[in-house]
Structures are given as C-alpha cells and as structure tokens.
Amino acid sequence: MTASDAAHVTLLTLRIGAVATLLILVPAVALGYALARRRFPGRSLVQAAVSLPMVLPPVAVGLLLLMFLSPRGATGRVLQAVFGGPILLTWWAAALAAAAMSFPLLVLGAQQAFAATPRRLENVARTLGASPARVFLQVTLPLSARGLAHGLTFAFARALGEFGATAIVAGRIPGETETLSLAIYGRIEAFQHGQALALSAISIALAFVSIAGAEMFLRRRDA
Amino acid sequence: MTSFDLRARLGGFLLEAADSWEGPSAALFGASGSGKSTILEAMAGLRREVEGSVVVGGEDLHALRPAKRRLGWVPQDASLFPHMTARGNIDFAGRGEAAERAIDALELRPLLDRRASALSGGERQRVAIARALASRPRLLLLDEPLASVDRPLRARIVPFLQRIPADLGVPMLLVSHDPHEVLALASHVAVLDRGRVVAQGDPRGIFASAAALGVLEALGAENLFESKVVARSSGVLSLETARGCRLEMASVAGFPDPARVAVRAEDIMLAAHPPELVSAQNILAGDVLALEPLGDHVYVRIAGGGESWVAKVTPRAVERLSIAPGRPVHLLIKAHAIHAYA
C-alpha cells in the first residue's frame, strides 16, 4: 500500500463522513428539537426507535439498509432512478450506512442541547414580537450551539469509524468504497499488520483532530 | 381601560382573578405563590392553560399569539439573551427612537457593548426594561422590577419608572410584594391572595384595609406599627411609632414617607447585654413577655421601646442567652430591616 493509496482512503473516508453528517444534519436536529420541545402521540416509541442503531449490531442495521436500498424494493428503485444507477456498492451507500449509524448521536445531542436552553428566553423573544423562525434562529439555535456542535462532532467521528453496516451495503472495493475502517480490516485479514497499524494511527488522528478542533472552536467562540 | 379576567386550575392551585383599571400604572400585590406572576405571564400570552380575557386599550388580546400582543414582559430575572451584548438585546426588540430614549433614560449608553453575562443584576434589569420598551409595547408588564436592584440604584430607577407612562406613553402593570414600591409606582393596586383578587383600588386606601394586612402577615411581617417621620438625614429616616418608639430606617429617594412600618420577626437580633459598637441602628431595651416554641424555632414576645415585638430565634439562642419571661433583653434591628408599607 503506497502513501498515495493511504491518502486516497483517508480522503474517501473524510468525504463519506462529511456527506453522512450533512445528510442527517437537518432531520436529526429537527427530530432532536421535536423530542425536546413537543409532546406528541408515540413520542416514546420515536425516542426508542431513534436510539436503536446505537444498540443493534451494526451488521443488522446494514442488512436492513440493504433491503431498503435493494433495487427490488420501491425505495431502491426510486434511488436508482435518482442516481442513474444502482446505489449499492457505491460510496453513496457507504455514506448512507454511516449516516444511519451517526443519526442517533446527533438526535440525542440536539435533544439534550435544546432541552438545556431556557424556554423563558424564547418566551421573552416571542413577547418582543419575534416570529417562531426568528426565535429559533436568533435565540434557540445560538444558545444550543455548544451542545449541537458536540453532537455534530461525535456524529462525524462516528461516521468516520463506521464499519459493519458499511461493509454490508458498500462492500470493500479498493479505490471506491474502501474507507479507513474497511482498509484496516482488509490489512489485518492479509496479515499486513504494519499497514493496519499505520491506517489505525490515521484513523485515531482524524477522530482526535475532529473532537479537539471542535472544542478549540467552541472555546474561542465563548471567549 | 385595561382589564383581565382569568381562570385556570394549575395543579392544586386555582386561579380566579379579575380586575380592571383606567389609570396608566397599576400593580398586582401579594405574597409569594398568590398568582401574581402567573397573571402577568397569562396576560403576555405565555400560559395557554389559563382561560379568560385580557383587554388592553379596549382591545381583547386573548386570541392573539404572544408576538402579536405587544405586551413588554420583563421577568423578575431579566432573562437577557446571554449570547448578545446589551445593545444586541435591545436591538432584538427594535431600533429607533423608542429604544434610544429608553437607553438614555435608563443610563445604559456606557453598558451597550458589554455582554449580558458581564452585567450586574441591576444593570441586567435596566437593559431588560429598555428592551421591552424598544418593542414599543402597548403595556409594560414588570415582574418585581426592583427585586435585584440595590438601594442607590433603586433611587435612580424609581423616578424613571414613574415617568414611563407620561414620557413614553406606555402604561405599565407591575408585580410586587413591596407595598412601598406599589405606592411609589402605581395609582391602582389589586391585592392577590391564593389566586383571587381580594381587594382593589387606590393603593393608599387599600394598604390600610384588612385584606392587605392579611397579605402582609402572610409575607412574614409580624411587627407592624403606625409611624410618622420625625427627622431625615442622608439615607436615613427617623420615625416615631404611635406609642413613641423611635426607629431609624434606611430611606429610598423617590419613595413617599411611610405611615406604617413592618419588621420581620427573623430580622430582630436579641442580646442579653447592651451591645457596644454594632452596626444596627436600632437598639431597644425590653423585657421578655413570653416564649412560644413553634417547630424548630422560638417566637419571643417582648415589650420594648413602648411597643410589643415578636422576635424569632433558635432554641439554642434561648438557652445561651437564658431568655425567659420577665428577664431583660436588648433588641437589635438594622435600619434596612425596617420596611415601609403605606
């Protein structure tokens, strides 16, 4: 494995992590808000369902995703039409698998962040004539930013390290779907322990930089 | 005309309160838990479980969302947006002449660039009032506006609050458990007791009524005296009670002279011997009349300075000072522990 291969795997992993995080950003934050602030029928069921990917075996999530994305199913056919070809065994499938596994982390992070934001401040904003959208964008969101940033960082870091579900729906195609986690597994299988260690070091560095970078950004913002 | 007629069952608390008034400044007066803040929040549209009507300037606002009511609600804790500066908080509500006049009147210009979290309690309160005024409200709702403001600043804020209705054309309704504050700021008062308006009208008349006295007792002011001002100096009023007891109380500029004063039983210290060099302005020699144990405390009834007093102390203090009926004792009362209420 050359340095160029390692760089390619790293960039592909970052791309998949970023796309997965972007895919879940709006729905996860919206669901986190609804769970923190709204009382609706079936809320407990939704809360339990959201947390499922965290406790299920990742391969089981991968299997469900496989059925969901299969061209034999309705959703798979729609996606195939949208993407102009099969989505399984592409980096998009890897991004969707990473998104599914990261989703609960961002939902729960957002839920906690919104729950910790004083409603009284939102009420004050409402009495000052602010629309619901303005209250959310100028009061709720900035006050929840720290918790949201943490949820986002952990979701991204989780997406970078995703393995089980990704292996099921995207396979391990070098240069196309082989992320850092899959590449490490492949090198271990091939008894290339030195390369597996080097890739693990990159993986650790990426996760560390993501989390430490977010922390430094938040500290500078709060100063 | 401004009025409210509100009903709600909130857990075990029943709110059934109604009042109406014509003047530009009114107050809701009552002890903690009487429903004052709930009424203010319901008027602002923040209590959906409260039913009834809220009429301001002849218009019923009950069906309107909070954002459409234009009622400038100032919570007791000010509730400034902590991620904004003082200026950011005020600008959020609106820019223009109303905001600038409020900034000048509340002496906020030197504070505008400070983060909300870097402001003192009194500064936060002033910014919150300016923010509410910047939204050009049809009525200002002030929840205990002077609770976190120290006395020197109170003396500066009170005249401004008094001028708001006339100078800015904004009527106000304030919540208070301080009769003196109500007398200084409101021309109409509704006395609340357990969710009901038990008296309403001109504050001077109301505070002499039995209903208000009941509320004052609920507030814990066990020592109530008729009084008149006999001398005044910087920050201090010298009073004489109807039975000739001389008391020194801290004064607040802008507040009217008190005709009655109250002292809470727990604000009275007892000493077995005349103390030397203490900061308390009032030291009265007296005799213990009776001891009344109540729970973990003992109420000591004392005749001192011509008046009857009740002091609240611990059983250990009774033992250490050998307090017993017939024994001499000295009462120590700080000038700030004497509250005026009418």
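Note on naming: letters A, B, ... go to the chains in the order of the sequence lines (proteins, then strands), and numbering restarts at 1 for each one.
For a residue to count as touching a neighbouring chain, one of its non-hydrogen atoms must lie under 4.5 Å from one of that chain's; by this rule B/Leu71 touches chain A with the backbone only. Interface residue B/Arg65: only side-chain heavy atoms are found under 4.5 Å from chain A. At a 4.5 Å heavy-atom cutoff, B/Leu141 makes no contact with chain A through either its backbone or its side chain.
Annotation for A/Leu143 and B/His83: closest pair CD2-ND1, 3.3 Å, computed over non-hydrogen atoms.
Sparse packing is recorded around CD of B/Glu51, with 12 or fewer heavy atoms of other residues, nucleotides or ligands lying under 6.0 Å away. The environment of CZ in A/Arg37 is crowded: more than 12 heavy-atom neighbours from other residues, nucleotides or ligands sit within 6.0 Å. Within a 6.0 Å sphere centred on CZ of A/Phe163, other residues, nucleotides and ligands contribute more than 12 heavy atoms. With a 6.0 Å radius and a threshold of 12 heavy atoms from other residues, nucleotides or ligands, A/Phe68 has its CZ atom at or below the threshold. More than 12 heavy atoms of other shown residues, nucleotides or ligands fall within 6.0 angstrom of atom CZ in B/Arg70. Heavy-atom contacts from other residues, nucleotides or ligands closer than 6.0 Å to CZ of B/Phe13 number more than 12. Taking a 6.0 Å sphere around CD of A/Glu215, one finds it holds more than 12 heavy atoms contributed by other residues, nucleotides or ligands. Surrounding CG of B/Asp113 are at most 12 heavy atoms belonging to other residues, nucleotides or ligands under 6.0 Å away.
Chain A forms the most heavy-atom pairs under 4.5 Å with one residue out of B/Ala93, B/Ala134, B/Ala67, and that residue is B/Ala67. The candidate from B/Arg136, B/Arg131, B/Arg69 with the greatest count of non-hydrogen atom pairs under 4.5 Å with chain A is B/Arg131. Note: A/Ala125 leads A/Pro118, A/Ala125, A/Ala130 in heavy-atom pairs under 4.5 Å with chain B.
A distance of 8.5 Å separates CZ of A/Arg120 from CD of B/Gln76, quoted to the nearest 0.5 Å. Here the straight-line distance linking atom CD of B/Glu41 with atom OG1 of A/Thr127 works out to 10.5 Å at 0.5 Å rounding.
Across A/Leu121, A/Asn123, A/Val124, a single residue satisfies side chain to side chain contact (heavy atoms under 4.5 Å, CB included) together with B/Pro75, and that is A/Val124.
The main-chain N or O of B/Phe92 is found under 3.5 Å from a side-chain atom of A/Arg134 such that the two form a donor-acceptor pair.
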